[in-house]
Number of protein chains: 2
Amino acid sequence: MSTPRQLRAREVLRVLIADDQALVRGAIASLLDLEPDLEIVSQVGRGDEVLEAARSTRPDVALLDVEMPGLDGIAVARLLREQVPECRSLIVTTFGRPGYLRLALEAGALGFVVKDTPSGQLAAAVRRVAAGDTVVDPALAAESLVMGASPLSARETDVLIALRQGGTTAEVARLLRLSEGTVRNHLSAAIGKTNARNASEAARIAAENGWLLTP
Amino acid sequence: MSTPRQLRAREVLRVLIADDQALVRGAIASLLDLEPDLEIVSQVGRGDEVLEAARSTRPDVALLDVEMPGLDGIAVARLLREQVPECRSLIVTTFGRPGYLRLALEAGALGFVVKDTPSGQLAAAVRRVAAGDTVVDPALAAESLVMGASPLSARETDVLIALRQGGTTAEVARLLRLSEGTVRNHLSAAIGKTNARNASEAARIAAENGWLLTP
DNA sequence: ATCTGGCGGTGACAAATGTCATAACGGGTG
DNA sequence: CACCCGTTATGACATTTGTCACCGCCAGAT
């Protein structure tokens with residue numbers, strides 16, 4: 001039934017895996033290695049190591065975690081699109097942040113699945129992305145539509161990001177070279193837009209919606 | 001090639017896997033299935049489904065994620081210890097919270113590894129736990145010693161937990177049936193003990209240290 | 001029985017945070 | 001050009017949050 005006579009060069013799909021948790025990375029590799037038409041050609045644990053690995057091992061598909069040290073998976077997808085365009089990106093992430101999906105697609109990723117999709121479907125997603133189809137988690141797609149894009153302005157986003165790292169507003173002001181009053185203004189706007197009741201809740205809500213990635 | 005003539009009863013170790021992320025769960029299963037002496041007898045995605053699965057499938061070792069809906073992995077380990085004592089527990093967690101380790105050992109878990117240990121070592125950890133040895137991530141063990149037990153009183157812990165769910169102190173007070181002033185006092189104490197600069201930072205620090213699990 | 005120390009609680013006070021009005025500046029857009 | 005929007009900034013003000021002194025309770029020690 002399969003077609004042994006079609007001796008295309010593209011019979012075996014070369015796959016790169018990027019995930020910061022070694023155990024998960026190895027486990028996914030062993031899962032995909034069971035498929036005869038998939039070959040794991042590279043495994044990396046940091047976002048900023050993907051590009052070099054992709055250049056040297058020429059994968060057809062890159063499985064990218066979003067949360068990684070060095071560089072997040074969405075930024076990596078953007079780089080791959082520009083510099084290694086023959087490698088398609090499939091984002092595989094822990095949290096179903098609706099905003100991540102939109103950013104990922106804008107960054108040129110073809111696929112987006114969350115880590116609690118059935119493990120049997122991953123190989124199928126890889127094949128479809130390799131073929132040029134887009135693969136998107138349906139539940140997340142729906143949520144992403146209602147949620148829409150981030151309502152936060154660029155500066156408001158910066159302030160929330162800084163707030164999650166340094167603690168107080170005074171420190172945020174110093175970090176961003178702003179006056180304290182300005183920081184409070186941005187925070188007040190962000191609190192209103194996120195329907196939060198204080199700054200830390202606003203930061204939490206924004207993070208949960210995937211609005212704190214620099215686009 | 002395998003050894004059909006060595007018909008020992010204990011030749012194959014029966015393993016249960018509990019993790020809320022289906023993809024990770026399946027991937028770990030396929031990783032361990034490569035080992036001829038390990039057999040995956042059960043996979044569950046919720047903490048409160050483990051006990052029933054353990055009773056019906058009689059595993060030798062249970063791999064338990066800490067973060068799970070229904071019941072956290074440490075509480076599950078405690079239950080297994082009491083009600084299915086022949087099943088040893090191995091905690092496999094995403095975050096290396098030092099406090100988790102201590103709680104896990106107190107709950108009767110024999111092993112504790114974080115998800116960024118090399119994937120090749122997982123099978124070895126399973127075998128050692130099955131044999132009754134304790135397996136602990138060395139880096140985490142050292143950190144756990146310096147960190148020690150939680151400095152927070154029971155009530156302070158309650159307040160921080162409530163703060164992470166409801167937003168403002170007023171809501172925390174209503175949730176816990178306390179006066180607002182009392183909540184502020186507990187928070188002040190917690191802020192001092194954690195060297196934080198405001199309540200939300202204290203909550204974050206306590207969570208990162210694994211001090212917010214009800215022991 | 002009395003002392004003592006930790007914990008939980010109350011109220012007063014100080015400091016930080018959130019809100020609002022206002023204004024100047026620059027970049028786009030009609 | 002006039003206009004709108006985002007950014008930065010200031011000052012005034014209400015509210016929330018953090019700190020502290022003090023009190024009552026209970027358990028263990030003396």
Side-chain angles (χ1 to χ4, degrees), chain A residues 99 102-103 106 148-215, chain B residues 99 148-209 211-215:
Chain A
R102 204 182 44 81
L103 284 175
E106 284 175 8
S150 169
L152 302 172
S153 75
R155 218 59 181 137
E156 286 156 9
T157 308
D158 291 342
V159 171
L160 287 184
I161 291 173
L163 186 72
R164 289 166 63 81
Q165 300 169 344
T168 66
T169 54
E171 273 187 81
V172 173
R174 232 179 317 114
L175 212 65
L176 269 63
R177 317 289 182 91
L178 292 178
S179 98
E180 277 190 49
T182 304
V183 172
R184 287 210 296 260
N185 278 342
H186 286 310
L187 282 178
S188 185
I191 290 169
K193 289 177 181 177
T194 56
N195 299 315
R197 270 192 293 241
N198 54 46
S200 51
E201 195 184 2
R204 189 172 52 81
I205 290 174
E208 282 170 2
N209 285 329
W211 293 339
L212 296 191
L213 287 185
T214 57
Chain B
S150 169
L152 302 172
S153 77
R155 216 66 178 133
E156 286 156 8
T157 308
D158 291 343
V159 171
L160 287 185
I161 291 174
L163 187 71
R164 289 167 62 81
Q165 300 169 344
T168 67
T169 55
E171 273 188 79
V172 173
R174 232 177 318 114
L175 211 64
L176 269 62
R177 317 287 184 92
L178 295 177
S179 98
E180 279 190 46
T182 305
V183 172
R184 289 208 299 268
N185 264 341
H186 287 311
L187 283 179
S188 185
I191 289 169
K193 290 178 181 176
T194 55
N195 298 315
R197 270 194 293 241
N198 53 47
S200 51
E201 196 184 1
R204 190 172 50 83
I205 291 174
E208 283 169 3
N209 285 328
W211 292 338
L212 296 191
L213 286 185
T214 56

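Keep in mind the model is a prediction, meaning the values are calculated, not measured. Numbers restart at 1 for each chain; the letters A, B, ... are given by sequence-line order, proteins then strands.
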Item to complete: Specify the residue among A:Ala170 and B:Lys193 whose closest nucleotide of DNA chain C lies further upstream toward the 5′ end.
Response: B:Lys193

Under 3.5 Å, which donor-acceptor pairs do the side chains of residues 186-193 of chain B form with other protein atoms, sequence neighbours left out?
| from | atom 1 | to | atom 2 | distance (Å) |
| --- | --- | --- | --- | --- |
| B:Lys193 | NZ | B:Pro151 | O | 3.3 |
| B:Lys193 | NZ | B:Glu156 | OE1 | 3.0 |
| B:Lys193 | NZ | B:Glu156 | OE2 | 3.3 |

Discussion item. For a 4.5 angstrom cut-off between non-hydrogen side-chain atoms, does A:Val159 reach A:Leu176?
Written reply: yes

Worksheet entry | Interatomic distance where CG belongs to A:Leu178 and P belongs to D:dT10 [whole Å] | 11 Å

Worksheet item: Base, sugar-phosphate, or nothing for A:Asn185, non-hydrogen atoms under 4.0 angstrom?
Response: base

Fill in: For atom CD of A:Glu156 and atom C1' of D:dT7, their distance in whole Å
10 Å

Worksheet item: Restricting to pairs with a member in residues 177-189 of chain A, which pass salt bridge (charged side-chain N to carboxylate O under 4.0 Å, His left out), not counting sequence neighbours?
Response: none

Worksheet entry | 5' to 3' contact window, DNA chain C with chain A (heavy-atom distance under 4.0 Å) | C:dT17 to C:dC20

Fill in: Value in whole Å for how far the C1' atom of D:dG18 lies from CD of B:Glu180
13 Å

Worksheet, complete the sentence: OG1 (B:Thr168) and CD (A:Glu201) are apart, to the nearest 0.5 Å, by 8.0 Å

Worksheet entry | Atom-to-atom span, NE2 of B:His186 to P of D:dT19 - whole angstrom | 15 Å

Worksheet item: How about A:Trp211 and A:Leu160: do any of their side-chain heavy atoms sit closer than 4.5 Å?
Response: no

Worksheet item: So which heavy atom on B:Ala202 is nearest to which on B:Ala196, and how close?
Response: N-CB, 3.4 Å

Item to complete: Just call it for A:Thr182: base, sugar-phosphate, or nothing, with non-hydrogen atoms closer than 4.0 Å on any strand.
Response: base

Worksheet item: Looking for any heavy atom pair under 4.0 Å, which part of the strands does B:Arg184 touch: base, sugar-phosphate only, or nothing?
Response: base

Worksheet, complete the sentence: Rounded to whole Å, the CG-P distance (B:Asn198 to D:dG18) equals 6 Å

Worksheet, complete the sentence: Rounded to whole Å, the CG-P distance (A:Leu187 to D:dT7) equals 13 Å

Worksheet item: Given D:dT10, is OP1 or OP2 found less than 4.0 Å from the side-chain N or O atoms of A:Ser179?
Response: yes

Worksheet item: Hey, which of B:Leu163, B:Leu178, B:Ile161, B:Asp158 is the one that makes side-chain contact (heavy atoms from CB on, under 4.5 Å) with B:Val172?
Response: B:Leu163

Practice prompt. Give A:Thr169 one of three labels, base, sugar-phosphate or nothing, depending on what nucleic acid heavy atoms sit under 4.0 Å from its own.
Written response: sugar-phosphate

